[in-house]
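This report refers to the structure that appears directly beneath it.
Just the heavy atoms: all of them, side chains too, but no hydrogens, waters or symmetry mates, feed the values below.
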Amino acid sequence: MRPSSLVVVANRLPLDDNIAPDGACEWRRSPGGLASALHAILQQTPATWVGWSGAIGPSPKLPSIGSLRLRPVTLTEQEQSGYYEGFANSTLWPLYHDAVQQPVFQREWWETYRAVNQRFAEAAAEVAGRHAAVWVQDYHLQLVPQMLRELRPDLLIGFFMHVPFPPPELFMQLPRRIELLVGMLGADLVGFQREQAGHNLAQLAQKLLGAEATDDAITVGERTVRTGAFPVSIDVAEMRALAARPDVVGQARQLRHDLGESKRILLSVDRLDYTKGIEHRLTAYRELLRDGHVKVRDTVLVQVAVPSRERVDSYRDLRDRIEGEVGRINGEYGRVGEPAIHYLNQRFDRSLLAALYQAADVMVVTPLRDGMNLVAKEFVAAREDETGALVLSEFAGAAAELSAAFLVNPHDLDDLKQTLLRAMEADPADLSARMRAMRAHLAEHDIMAWARAYLTALDHTGRLARRLPRTG
């Protein structure tokens with residue numbers, strides 16, 4: 001494989017689970033996923049992507065996707081269990097999401113996590129050209145920047161944390177907190193979704209390492225590590241074009257007919273994860289039905305819950321609880337041919353999601369904690385008619401940008417119920433003004449603007465950012 005001047009390192013390769021009969025690979029897209037965020041950038045920029053293919057054992061030789069070359073990293077069954085399901089998603093994920101669920105610490109997971117991070121670092125060092133830029137993504141690979149610096153000190157190394165980065169009092173619970181902190185600080189630039197995360201990192205560097213630190217720069221030995229907020233976004237032009245396709249418009253019209261032409265349609269699209277607030281949302285909706293504020297004859301909730309981490313016990317338990325609650329609500333409040341909730345635990349292609357976005361009257365995005373939440377941005381981009389309401393959690397990163405949404409505290413059931421009612425009953429002129437403001441913001445802050453801002457900060461020469469087309 002030829003050395004590459006831009007290398008993306010992420011837990012997963014951006015592959016569809018199925019490779020076509022002719023051996024071609026297709027880009028894998030998912031609601032809120034990293035591959036979705038980087039899709040537009042790497043269509044335009046020759047690069048190499050280092051990641052796990054999703055298969056256990058030796059990886060097959062993978063063809064390129066356009067100008068994107070793929071370098072698979074192999075995982076065994078034990079490594080997937082310890083590195084991915086264990087330390088990444090049972091220790092770091094819950095802790096970084098405000099300990100919504102209690103983190104689990106197992107010492108053997110750490111050793112596997114460290115070994116797998118070393119393998120990713122070695123793969124990146126192998127494919128990176130001299131003085132290349134390497135962009136490491138997210139909490140799965142928090143040790144890679146420092147490991148990579150030790151292997152290849154010539155490289156320009158960026159690290160981006162897509163999930164929230166916790167305050168010191170939570171991070172300090174980690175048994176391997178210093179190693180994780182030093183791992184991140186191996187980067188030249190550490191990027192976050194929100195400014196508060198940079199403040200949290202600076203406090204930790206001062207406390208644990210005795211480093212000189214401000215909210216945007218940390219001195220580590222003779223190096224200065226820069227930090228900053230770079231809110232990730234979506235390919236707005238792609239979503240607008242998709243939503244305007246005649247087949248998608250027709251599908252949206254059919255969905256409205258099937259769900260009830262005269263009904264108010266509430267829509268939620270989430271990964272099936274305890275951080276997404278699905279159970280709180282269902283409780284609030286059940287109470288609205290119970291109290292008569294919402295009636296099945298005039299309102300319906302569509303809950304899409306995309307399967308996630310199905311091998312992890314806590315996620316299977318969550319699915320069972322949600323399915324049980326949906327069944328209880330439909331059993332108590334539904335009517336023949338008219339369920340109170342349409343619940344879909346399956347993956348959807350993007351055209352159907354775009355149709356759902358257009359069919360909905362109210363988009364309900366109420367995670368308990370979220371780094372960004374790209375579904376909220378996709379909904380706004382899909383509403384060319386400038387109608388529809390967005391109910392958005394204050395604890396999603398998107399709330400800092402989409403301030404014209406109906407912001408809500410999802411932990412407060414009364415606030416959630418009242419906000420849902422406000423959104424359902426809002427004046428159309430108010431909804432149009434809110435939607436227009438959010439769409440204007442997205443037009444200026446799309447995925448290319450995000451990449452350009454980050455890569456310009458990483459590489460002051462501008463050689464990386466110049467490869468990207470302009471916003472819009």
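Between R290 and E332 there is no salt bridge, since none of the side-chain N atoms of the basic residue sits less than 4.0 Å from a carboxylate O of the acidic one. A salt bridge is absent between D258 and R256; no separation between the charged side-chain nitrogens and carboxylate oxygens falls under 4.0 Å. Comment: R321 does not engage D317 in a salt bridge, judged by the lack of any side-chain N to carboxylate O separation of less than 4.0 angstrom.
If you look at Y83 and W52, their ring centroids are not closer than 6.0 Å.
Using the six-membered ring where Trp is involved, Y113 and F87 have ring planes that are tilted, between 30° and 60° apart. Note on ring orientation: taking the six-membered ring where Trp is involved, the planes of H445 and H441 are parallel (angle under 30°, cut-offs 30° and 60°). Aromatic ring pairs are classed by plane angle as parallel below 30°, tilted from 30° to 60° and perpendicular above 60°; the pair F160 and Y454 is perpendicular. Using the six-membered ring where Trp is involved, Y315 and Y274 have ring planes that are tilted, between 30° and 60° apart.
Atom CZ of R297 has 12 or fewer heavy atoms from other residues, nucleotides or ligands within 6.0 Å.
For the pair D414 and K417, the minimum side-chain heavy-atom distance is below 4.5 Å. The side-chain heavy atoms of L289 and V296, taken from C-beta on, include a pair separated by under 4.5 Å. Annotation: side chain of F230 is not in contact with side chain of F192 (no heavy-atom distance under 4.5 Å). P166 has its side chain out of reach of D98: every pair of non-hydrogen atoms, C-beta onward, lies at least 4.5 Å apart. The shortest distance between side-chain heavy atoms of L392 and V365 falls below 4.5 Å. Within the 4.5 Å cutoff, the side chain of L390 has no heavy atoms near those of the R434 side chain.
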Stepwise salt bridge (charged side-chain N to carboxylate O under 4.0 Å, His left out) test for D370 and K276: CA-CA 8 Å; D370 220 338; K276 300 301 182 181; 2.9 Å; yes
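Within the structure, the ring-ring contact (aromatic ring centres under 6.0 Å, His included) test picks out the following pairs touching residues 389-433 (sequence neighbours left out): F395-H411.
Just one residue in the list I278, L282, N345, L301 forms a side-chain contact (heavy atoms from CB on, under 4.5 Å) with V326, and that residue is L282.
Panel note: side chain Q358, backbone A243; a donor-acceptor pair is recorded below 3.5 Å.
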